[in-house]
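Values below: every heavy atom of this structure, side chains too, minus hydrogens, waters and symmetry copies. Throughout, numbering of the chain's residues begins at 1 and tracks the sequence.
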Amino acid sequence: MAGHGADEHPHGADRLCEAGDRVYSRAVRRGRVPRRDAEPVPCLLELALLHPDPDDMDWLVPTSPQEVMTRLLRGMHDEVTASQRRVGSAVAAVEWYAGLGRQVRPAASGAEGPAIRVLDGLARIQAAMDEATQACTTEVITVQPGGIRREAELSEGLHRALALRGRGVRMRDLYTHVARHGQGLLTYLELMGDAVEARTLDEVIDRLILFDRTVAFIPANSDRTMALELRHPALVAYLVTVFDRLWRLAIPLTAPLPDTGIEGISHREQSIAALLAEGHQDAVIAERLGISVRTCRAHIARLSETLGAASRTQLGVRIAQAGLDGPQHSSTSISVPGQGSRTVR
């Protein structure tokens, strides 16, 4: 409980600082103390524990301990009375809202809560996710973009994943191919065992977490401090369909990525080549594949060297000639300038 001057000082009369305790105790024992003794502890004046001696303003006299106790008890009584009033107001408000709730007809679908709810702030998002986790009984599907998952991201949701595994809930996770290089993800999957199946793609949609094909969570802004909780059956069914189609195209994490068929060009560089052919800028390509712009440009430089391109314009031509601007074709022999013949499978 704060005393006078609580806005200016971090404690009240009920919990004096160590220096204040010494000076006040000395003033009580001696009847007064020199004003200079109280200069290091202005809290005693702010809390009205010391006040000037009317006979000599260079001295300070203490407020009696009995008066201080009376003041503290009176303040405590006022706080309790105010709390009781707030509790009474809260009970009345709950009864009022409950009465309104009884007047609303339940939705025909029987879904809990609104069809779309905006969750503003990480705390509200976490609370909603925990609630959905507790209610989940059969399946969780997730899409996790952004490349290599940071340890903090994996740890944040680990308690939910372990709770789901303990109840026999099956989980399917989609990542970008880049996530294969993160040790944190491999450790997480090893910990979860056969409760989780993971697959990867060159690029995936934005983050999605879906419980029991009933409630889904998607980001509502770029920094993911806001989210949408979706319970509308049509929206949820649409997201499930999108996920299932991506899942069929994805490659199991335990399987190697397919060979490009061109010596010196990796699967990632083939993906970059296809996006370059579509006219995307380096930053856009990096974001879609979950890599840094610097790493993206390093791959583009290796592509140029392998394909013998001296400029970006020429690189586009070489990409088309090599058949890297679209889906892979059946075995075809192509010639890379200065490097002889290459076979594309």
Side-chain angles (χ1 to χ4, degrees), residues 1-98 117-131 133-134 149-160 162-163 184 219-227 229:
M1 182 184 67
H4 299 293
D7 292 339
E8 294 82 21
H9 206 78
H11 65 72
D14 55 337
R15 51 185 186 280
L16 288 180
C17 58
E18 185 176 348
D21 186 2
R22 287 198 302 270
V23 173
Y24 177 73
S25 298
R26 188 187 314 143
V28 170
R29 289 195 305 270
R30 299 179 180 178
R32 64 177 186 169
V33 291
R35 181 181 289 271
R36 64 175 179 274
D37 287 4
E39 289 177 356
V41 282
C43 54
L44 296 180
L45 287 168
E46 293 171 6
L47 298 173
L49 296 179
L50 294 179
H51 51 86
D53 186 340
D55 296 327
D56 188 344
M57 300 297 287
D58 289 332
W59 290 80
L60 299 173
V61 295
T63 301
S64 70
Q66 292 78 9
E67 183 179 341
V68 174
M69 286 189 294
T70 300
R71 186 195 306 165
L72 288 173
L73 291 173
R74 186 185 304 118
M76 186 181 301
H77 177 269
D78 292 343
E79 287 186 359
V80 171
T81 301
S83 295
Q84 289 173 337
R85 285 197 298 266
R86 287 195 297 270
V87 169
S89 298
V91 169
V94 168
E95 292 175 349
W96 183 75
Y97 283 113
R117 184 166 61 139
V118 179
L119 305 173
D120 190 354
L122 297 178
R124 289 196 64 195
I125 295 173
Q126 295 288 355
M129 294 277 289
D130 287 340
E131 182 181 348
T133 299
Q134 293 169 6
R149 301 293 309 285
R150 294 178 299 177
E151 295 282 352
E153 292 177 335
L154 294 167
S155 299
E156 177 271 322
L158 184 59
H159 69 286
R160 286 192 292 268
L162 291 173
N221 60 354
S222 58
D223 60 5
R224 296 180 182 170
T225 57
M226 296 177 65
E229 178 185 302

In residues 26-38, what donor-acceptor pairs under 3.5 Å come from side-chain atoms, sequence neighbours left out?
residue : atom : partner : partner atom : Å
Arg26   : NH1  : Asp37   : OD2          : 3.3
Arg32   : NH1  : Asp53   : OD2          : 3.4
Arg35   : NE   : Met57   : O            : 3.0
Arg35   : NH2  : Met57   : O            : 3.0

Taking all non-hydrogen atoms of both residues into account, name the closest pair between Arg160 and Asp130 and its distance.
NH1-OD1, 3.1 Å
As an exercise, state the distance from CG of Asp21 to CG of Leu49, rounded to the nearest 0.5 Å.
10.5 Å
Specify the closest pair of heavy atoms between Arg224 and Pro219, including all atoms of both residues, with the distance to one decimal.
CG-CB, 4.1 Å
If you compare all heavy atoms of Asp120 against all heavy atoms of Met226, which two are closest, and at what distance to 0.1 Å?
OD1-CG, 3.6 Å
Check: Arg124 and Glu229 side chains under 4.5 Å, non-hydrogen atoms:
no
Before you tell me yes or no, could you show the steps for Leu60 and Val23 under side chain to side chain contact (heavy atoms under 4.5 Å, CB included), namely the whole-Å CA-CA distance, both residues' side-chain angles and the distance that decides it to 0.1 Å?
CA-CA 11 Å; Leu60 299 173; Val23 173; over 6 Å; no
Quick check for you: to the nearest 0.5 Å, what is the distance between Leu119 atom CG and Gln126 atom CD?
10.5 Å
Does the Thr63 side chain pair with the main chain of Ala48, one donor and one acceptor, at a distance under 3.5 Å?
yes
Kindly give the heavy-atom pair with the smallest separation between Leu44 and Tyr24, and that separation in Å.
CD1-N, 3.9 Å
Kindly indicate whether the side chain of Leu50, heavy atoms from C-beta on, has any atom under 4.5 Å from the side chain of Val41.
no
